[in-house]
Q: 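Provided herewith is a single structure, encoded as structure tokens, for subsequent inquiry.
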Protein chains: 2
Amino acid sequence: MRTFVAVVDAGQFQDAAADLSITQQAVSKRIAGLEKDLAVRLFTRTARGARLTIDGQAFLPHARELLRVAERAVASVLPGSRPLRVDVIASRSAASGLMRAFHRAHPEIELDVVMLFDIETAVAAIRSGAIDASFRAVAVPGRPLPEDIESVRVLDEALQLLTGPAHALAGARSLTVAQLAGHRIWMPGIVPGTEWAAYYDDLVAEFGLTIEATGPNFGSDALLDTIADTPALATFMGEQTRLVWPADHGLRRIPVTDPTPVYPHALLWRRDNPHPGMATLRAHLAATAAGHDAAGTWAPGWVIPR
Amino acid sequence: MRTFVAVVDAGQFQDAAADLSITQQAVSKRIAGLEKDLAVRLFTRTARGARLTIDGQAFLPHARELLRVAERAVASVLPGSRPLRVDVIASRSAASGLMRAFHRAHPEIELDVVMLFDIETAVAAIRSGAIDASFRAVAVPGRPLPEDIESVRVLDEALQLLTGPAHALAGARSLTVAQLAGHRIWMPGIVPGTEWAAYYDDLVAEFGLTIEATGPNFGSDALLDTIADTPALATFMGEQTRLVWPADHGLRRIPVTDPTPVYPHALLWRRDNPHPGMATLRAHLAATAAGHDAAGTWAPGWVIPR
DNA sequence: TTAATGCACAACTTGGGGTTGTGTGCTTTC
DNA sequence: GAAAGCACACAACCCCAAGTTGTGCATTAA
């Protein structure tokens, strides 16, 4: 591809060869090989150089795009000036939504999103500089954040109950936490040791709910499928989670009150992080930060305070 | 890259090797080579397979994107189901604008834009199936379009006079063609034998203008530079042409009337072109087609009729 | 005609990238 | 806690892809 673009830019094989520091014959072979692989003639050879065929013209922008993508790929792991690297807790989480919004607002800032296992890994990665920031809800209970890590709450996400159409509570417009007692709430795929597990453990302990965190995670589709078809099962879902649901099998999202359980998202970063994108990200989040009033909401005691 | 993604998808080197029909050692070598080139560790090797490092996670979406782009590149020259391939007369022409608008309206339709030398090449390419459609203004004078080529006028683009701030006509809000007589109009880079050359030849013959089509084309920047600085020179420019002009050196765009010279853009395509995108393109253009009223405009006699 | 230019073909060489064979470290199992 | 199993790395070898040099052919310019 690089050779193809070099020939286009140079206008002839010989100059492209000089640019690439190889012989004209090598360029000729490379182009011939590419043409053979594609089963298409890319250049018309003339006595004054090489001109693109129609197929070559159509191919050219794709070739340039490929080189651009390759360059970005290399840059993504290049120490020094790599893209802003942010950890989110799950690809469907509200944090992902925040980062998508940030990307829309600042498309000029290169961005890579990763997902780390737990808060300890995230803090270690932030301190080592492997990532620039992390969206998390919590400090490790009993172990405060290190001195060099800053944090700020950026979003409180209310949990809603998700039920199928045949569920006993499907008709409710709103539910109190007390009304959930005795109903089976299914949260598969929650890995023990993560902050999600801790969150739901606290929720159960506080309000006496029945949460079944067992079972492997067969993916969000399977979960929604089961919820839709099983009258005895419901699940929790963040209010910002967008359902990708081909045929909406009558799923109901029901707000929960008295109190509203909220999942707090906070941004963590190293105080002396030099990445130029960090300031922009923090400013963006500060400008768009929204949370429920603390009154009437519930969150575990060990989350990062406002 | 393919191997990297295969390992990620398989979760371990051995299964990826099976997927790729090579040995585990070859996969190990490829990944080691990639890691060496990038000077970064992409996987942590465990006794149960390979897990992505943070760098690997950041790299992954770029790798997938690269494979997608590569696939699209190959598809762009694949006979059978390749992207819709449309010829435009210049990258700054109104036809390019129309295709950009079409792409915005129908981003799902893969599109490649090429630029052919003249109408004869374009017609031959349409007939052979090398391209699907072409934006042109004209039939070759004296030689009507072949039976199997259809055409429809889609846009009449009025020409405007472009002058620098010191030009004698710079203050005019509008000009008649008669007022242009005696002023030097400079149109560099027009290649003899093209329909542009024929257009301006006719314009000169009809109204006795002074058009200098000589001189090589040093690019639009150089042209605008000269126009801005030379009081004795002006040039024609399509009303839809967007100037990319860092500091607007006081350039003036002046409408021309009595009559308004318009450059008609027509779409040509083969009657039996089977590409599914063609119907969409024609429908889109039919819906957005706009032209000046024929009254008060001028175009050469040999253009494609409305 | 002659010279110059520019790409293709042929013969040769080399090292990247594949193979087989083996070693090492971590899990799992009883 | 020894043994078996699994998964990846290293070493040696082998071969062809991809480079090189040398040359030929077609087109253009003088």
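The basis for the numbers below is simple: all heavy atoms, side chains too, and nothing from hydrogens, waters or symmetry mates. Each chain gets a letter, A, B and so on, in the order the sequences are listed, and its residues count up from 1. Just so you know, these numbers come straight off a predicted model, no measurement behind them.
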Q: Scan residues 44-51 of chain B against DNA chain C and write down, sorted by residue number, each residue with any heavy atom closer than 4.0 Å; if none is found, say none.
A: Ala47(B), Arg48(B)
Q: In residues 21-35 of chain A, what residues come within less than 4.0 Å of DNA chain C, judged by heavy atoms?
A: Gln24(A), Gln25(A), Ser28(A)
Q: Residues of residues 7-19 of chain B with any non-hydrogen atom less than 4.0 angstrom from an atom of DNA chain C: list those, numerically ordered, please.
A: none
Q: Look at Glu65(B) together with Arg68(B) and state whether they make a salt bridge at an N to O cut-off of under 4.0 Å.
A: yes
Q: Do the side chain of Ser128(B) and the main chain of Ala125(B) share a donor and acceptor less than 3.5 angstrom apart?
A: yes
Q: Walking along DNA chain C from 5' to 3', note the first and the last nucleotide with an atom under 4.0 Å from a heavy atom of chain B, and give both.
A: dG17(C) to dT28(C)
Q: Check Ser96(B) against Val88(B) and note the closest heavy-atom contact, atom names and distance.
A: OG-CG2, 3.6 Å
Q: Quick one: side chains of residues 3-12 of chain A, donor-acceptor pairs under 3.5 Å with protein atoms, not counting sequence neighbours, listed by atom name and distance.
A:
{"unit_1": "Thr3(A)", "atom_1": "OG1", "unit_2": "Arg30(A)", "atom_2": "NH1", "d": "2.8"}
{"unit_1": "Asp9(A)", "atom_1": "OD1", "unit_2": "Arg64(A)", "atom_2": "NH1", "d": "3.4"}
{"unit_1": "Asp9(A)", "atom_1": "OD1", "unit_2": "Arg64(A)", "atom_2": "NH2", "d": "3.0"}
{"unit_1": "Gln12(A)", "atom_1": "NE2", "unit_2": "Asp15(A)", "atom_2": "OD1", "d": "3.1"}
{"unit_1": "Gln12(A)", "atom_1": "NE2", "unit_2": "Asp15(A)", "atom_2": "OD2", "d": "3.3"}

Q: Quick check: closest heavy atoms across Ser76(B) and Ala58(A), and the distance to 0.1 Å?
A: OG-O, 4.1 Å
Q: Quick one: does Glu110(A)'s side chain have a donor or acceptor within less than 3.5 Å of a partner on Arg82(A)'s backbone?
A: no
Q: Does any N or O in the side chain of Thr235(B) come within less than 3.5 Å of the main-chain N or O of Met187(B), such that one atom is a donor and the other an acceptor?
A: no
Q: Do Leu67(A) and Arg2(A) touch side chain to side chain, with heavy atoms closer than 4.5 Å?
A: yes
Q: Under 3.5 Å, is there a donor-acceptor pair between the side chain of Asp87(B) and the main chain of Ala122(B)?
A: no
Q: After noting the C-alpha distance and the side-chain angles of Thr210(A) and Ile185(A), does the key distance pass the side chain to side chain contact (heavy atoms under 4.5 Å, CB included) rule?
A: CA-CA 6 Å; Thr210(A) 310; Ile185(A) 296 172; over 6 Å; no
Q: Between Glu35(A) (side chain only) and Leu42(A) (backbone N and O only), is there a donor and an acceptor less than 3.5 Å apart?
A: yes
Q: Closer than 4.0 angstrom, basic N to acidic O: yes or no for Asp112(A) and Arg72(A)?
A: no
Q: How sharply is the helix from dT1(C)-dA30(D) to dC30(C)-dG1(D) bent, taking the axes over five pairs at either end and rounding to 10 degrees?
A: 30°
Q: Just by distance, do the side chain of Asp132(A) and the backbone of Arg85(A) share a donor-acceptor pair under 3.5 Å?
A: yes
Q: Ignoring hydrogens and geometry, is there a side-chain-to-backbone donor-acceptor pair from Arg270(B) to Arg127(B) under 3.5 Å?
A: yes
Q: Can you name the nearest heavy-atom pair linking Ile131(B) to Ser134(B), along with the distance?
A: CD1-CB, 4.2 Å
